[in-house]
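Counting convention: from 1, in listed order, for ligands and their atoms alike. All values reported here derive from a predicted model rather than from experimental measurement.
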Amino acid sequence: MSDPKAPEKKLLKALAGEKTDHPPIWLMRQAGRYLPEYRKVRADAGSFLDLCYSPRLAEEVTLQPIRRYGFDAAILFSDILVVPDALGQKVAFREGEGPVLEPVTDAAGIAALDSPSDVKQALAPVYETVARLRESLPSDVTLIGFAGAPWTVATYMVGGRGSPDQGAAKLLAYREPETFQALIDILVEATVEHLSAQVEAGAEVLQLFDTWAGSLPELSFERFALKPAKAIRAKLKARFPHIPVIAFPRGAGGMAERYFLETEVDGLSLDTGVSPAVARDRLQSIGCVQGNLDPLLLVAGGDEMRVQAAHILETLGHGPFIFNLGHGIVPQTPPEHVGELVRLVKDWRG
Ligand code: 1CP
């Protein structure tokens with residue numbers, strides 16, 4: 001199924017290691033609360049999950065930043081926690097509090113989850129959003145589907161909410177490794193099903209978010225971050241050899257190079273702590289890198305933002321590279337700073 005429009009898409013070119021006039025740009029959390037047009041749809045939608053499961057509204061908020069800024073890629077509007085929701089765990093998003101789940105803390109709780117093969121049916125509205133987007137997006141904009149990586153999703157499933165140290169999930173993993181592994185195995189399968197359905201609906205690139213990978217010590221990182229990502233990548237490759245995968249093992253530090261090599265993902269999304277020069281010398285020879293402007297520079301704007309964005313462009317822009325942030329846009333970001341950053345990247349010539 002080769003797409004005749006594909007060669008014109010800068011994001012696909014960068015992921016294939018080809019040179020483009022300027023690097024493609026999109027930003028994690030580019031749809032969201034910093035945009036007044038998002039806040040309006042969000043207020044009318046009811047709950048956050050209602051918004052995720054309304055194809056018409058989820059399509060609209062995905063398109064908002066594309067219309068406003070002309071990004072090179074659109075990321076499906078959804079959340080990583082739709083997978084636990086589809087597995088039958090109770091998930092809610094409380095105003096000002098973030099996600100709240102009924103924790104799964106033991107073997108009985110894991111055994112009570114629905115089968116990973118049920119995910120596709122439960123998340124049908126998400127795939128309808130993908131299909132609608134593929135129709136409505138401009139032909140030069142790449143559609144990115146995504147999922148949370150098993151470890152990061154498990155931290156919410158076990159802890160019942162976000163936490164600064166992922167303590168609940170870590171303790172389960174350390175005290176009962178076999179029990180925790182059973183949860184990871186379910187999530188590997190559910191993630192492959194969820195990402196496959198997005199590809200079947202029209203997603204052209206997939207991103208795997210492992211936001212909390214950096215909290216794991218080496219041996220646990222290998223087992224619960226690297227190995228699951230490798231398995232997911234291999235299974236997707238067998239089904240969809242032409243679909244590139246980007247992984248975001250946030251905070252992987254000294255493990256990033258091994259992770260990139262061994263998982264065989266096409267792109268590695270770098271957090272703000274990764275030195276661009278180290279990424280150029282050690283990672284860009286493996287594949288395309290993405291990142292890594294500090295989201296708070298986008299809040300501050302001005303010369304500091306321009307100088308640090310230019311530093312990233314000068315260092316990484318001569319190889320396979322996608323401009324992005326080191327983590328998601330924060331709600332207090334002035335929308336005009338995003339516009340200035342997009343112009344800066346689009347005007348840059350290496
Ligand atoms: O009411 C609101 O608008 C809630 C804010 C919000 C938004 C806009 C949440 C709740 N999720 C989202 C959308 C979202 N989440 C996207 C949409 C696409 C985009 O524009 O990028 C994506 C890709 C995510 C992924 C996600 N959700 C991650 C991984 C990436 C990351 O930012 O680290 C994580 C960890 C989540 C969980 C989550 N969902 C929402 C919040 C506030 C959180 C984080 C909670 C915590 O800090 O632990």
> Taking only residues two or more places apart in sequence or in another chain, which ones pass salt bridge (charged side-chain N to carboxylate O under 4.0 Å, His left out) with Glu262?
Replying inline: Arg258

>> Taking the side chain as everything from C-beta on, heavy atoms only, tell me whether Asp165 gets closer than 4.5 Å to Ser215.
In response: no

>> Holding to salt bridge (charged side-chain N to carboxylate O under 4.0 Å, His left out), I want the full list of residues that pass it with Glu95, two or more places apart in sequence or in another chain.
In response: Arg42

> Near ligand 1, which residues have a heavy atom under 4.0 Å away from one of its atoms?
Replying inline: Met28, Arg29, Gln30, Ala31, Arg33, Tyr38, Arg42, Phe48, Ile75, Leu76, Phe77, Ser78, Asp79, Ile80, Phe93, Pro99, Phe146, Tyr156, Gly162, Phe209, Thr211, His327

> Do you see a donor-acceptor pair shorter than 3.5 Å between the side chains of Asp210 and Tyr259?
Replying inline: no

>> Can you list everything that forms a salt bridge (charged side-chain N to carboxylate O under 4.0 Å, His left out) with Arg29? Sequence neighbours excluded, please.
In response: none

>> Tell me which one of Thr155, Thr152, Asp271 satisfies side chain to side chain contact (heavy atoms under 4.5 Å, CB included) with Thr211.
In response: Thr152

